[in-house]
Trainee: 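Quick one: the structure is below, and I'll ask about it shortly.
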Amino acid sequence: MSAEQWQTEQFEENRTHLKAVAYRMLGSIAEADDAVQEAWLRFNRSDTAAVENTRAWLTTVVSRVCLDLLRARRARREELVDEWLPDSIVTLDDADDPEQQALMADAVGVALLVVLETLSPAERLAFVLHDLFGLPFDEIAPIIDRNVAATRQLASRARRRVRGAEPEPLAHSLVEQRKVVEAFLAASREGDFDALVAVLDPDVVFRADRGPHLEPGPFEIKGGAAVAEVILERGTPVARLARAAIIDGQAGAYVSLPGGLLSVVKFTVDRGRVTALDLVLDPDTLRSLRI
């Protein structure tokens with residue numbers, strides 16, 4: 001195997017990991033892709049013959065790239081008009097695929113990414129690399145030009161802020177959420193009103209984002225019976241095409257046609273019932289999602 005082939009093989013083996021690191025650092029799919037591409041360019045230009053741990057080396061490189069991007073973002077923060085929100089990620093929920101199971105276990109929700117955006121670049125990097133990916137502080141410290149003690153303190157400070165700002169954890173794991181979603185989809189496909197109401201919280205909220213181009217625009221419906229009626233009236237034919245997914249770290253579903261995504265819905269589950277459904281129909285938003 002040539003040196004170029006070895007480099008390509010090593011990088012591709014670590015691409016998913018690097019994308020995960022970059023996304024958690026940046027909260028942006030496009031910027032994460034750019035960071036991974038820059039890591040590849042640096043890897044390709046470097047003499048890697050003496051590199052003992054390729055994964056660690058690449059993680060360090062992509063982390064440095066992300067750190068530069070975070071600092072640049074912070075510097076222009078005052079120029080940003082709209083409230084920042086991380087990009088959504090839709091992951092296929094395939095219970096028979098070990099790789100998909102690993103992705104599910106590694107899922108990070110939008111709520112955490114929003115909290116991470118309030119941290120300084122150094123705090124965010126220290127927290128993400130140590131708490132989410134298990135890197136030791138002595139490997140993280142050189143990336144942010146701090147000593148080990150200062151790096152540990154940064155991560156600890158970030159951890160306190162994350163714990164103080166993140167919402168209460170959901171009462172169910174992804175596996176338990178999935179069971180509730182499967183019951184919801186089964187009732188929707190069969191047109192079973194009673195079964196659908198049974199899986200919905202009495203105070204469930206159903207929100208739909210149609211975007212600026214679809215009528216009648218965004219809407220919100222509350223209450224188990226009212227939501228069930230709308231689902232069965234409009235959604236039963238589409239429910240037959242729905243496939244389970246993980247959306248921003250929560251159980252969800254999507255419908256895809258040959259021309260692309262038709263809809264994506266994220267479920268919030270608490271104590272065995274659906275408490276919220278967030279449906280995306282906006283074509284512009286759907287085009288930005290990755291599966």
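Atoms considered below: every heavy atom in the structure, side chains included; atoms not considered: hydrogens, waters and symmetry mates.
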Trainee: With a 4.5 Å heavy-atom cut-off, do Arg159 and Asp131 have their side chains touching?
Mentor: yes
Trainee: Do Ser156 and Arg152 pair up side chain to side chain, a donor and an acceptor below 3.5 Å, judged on atom types alone?
Mentor: no
Trainee: Taking C-beta and beyond as the side chain, do Ser263 and Val280 meet within less than 4.5 Å on heavy atoms?
Mentor: no
Trainee: Show the nearest heavy-atom pair for residues Ala35 and Val62, with the distance to one decimal.
Mentor: O-CG2, 3.8 Å
Trainee: Specify whether Trp57 and Phe43 have parallel, tilted or perpendicular ring planes, treating 30° as the upper limit for parallel and 60° as the lower limit for perpendicular.
Mentor: tilted
Trainee: Could you grab the distance from atom CD1 of Ile140 to atom NE2 of His130, nearest 0.5 Å is fine?
Mentor: 6.0 Å
Trainee: When you compare the side chain of Glu176 with that of Val269, does any pair of heavy atoms fall below 4.5 Å?
Mentor: no
Trainee: Could you note down all residue pairs passing ring-ring contact (aromatic ring centres under 6.0 Å, His included) where residues 187-208 supplies at least one of them, sequence neighbours left out?
Mentor: Phe206-Phe219
Trainee: What's the separation between atom CG in Leu67 and atom CG in Leu69, rounded to the nearest 0.5 Å?
Mentor: 9.0 Å
Trainee: Taking the side chain from Glu12 and the backbone from Glu9, do they hold a donor-acceptor pair closer than 3.5 Å?
Mentor: no
Trainee: May I ask you to decide if Ala251's main-chain N or O and Gln177's side chain share a donor-acceptor pair within less than 3.5 Å?
Mentor: yes
Trainee: For the CZ atom of Arg124 and the CG atom of Leu116, what is their distance to the nearest 0.5 Å?
Mentor: 5.0 Å
Trainee: Side chains of Leu70 and Leu26: closer than 4.5 Å at any heavy-atom pair?
Mentor: yes
Trainee: Hey, does the side chain of Thr275 reach the backbone of Val204 with a donor-acceptor pair shorter than 3.5 angstrom?
Mentor: no
Trainee: Counting only heavy atoms not in Glu38, do more than 12 sit closer than 6.0 Å to its CD atom?
Mentor: yes
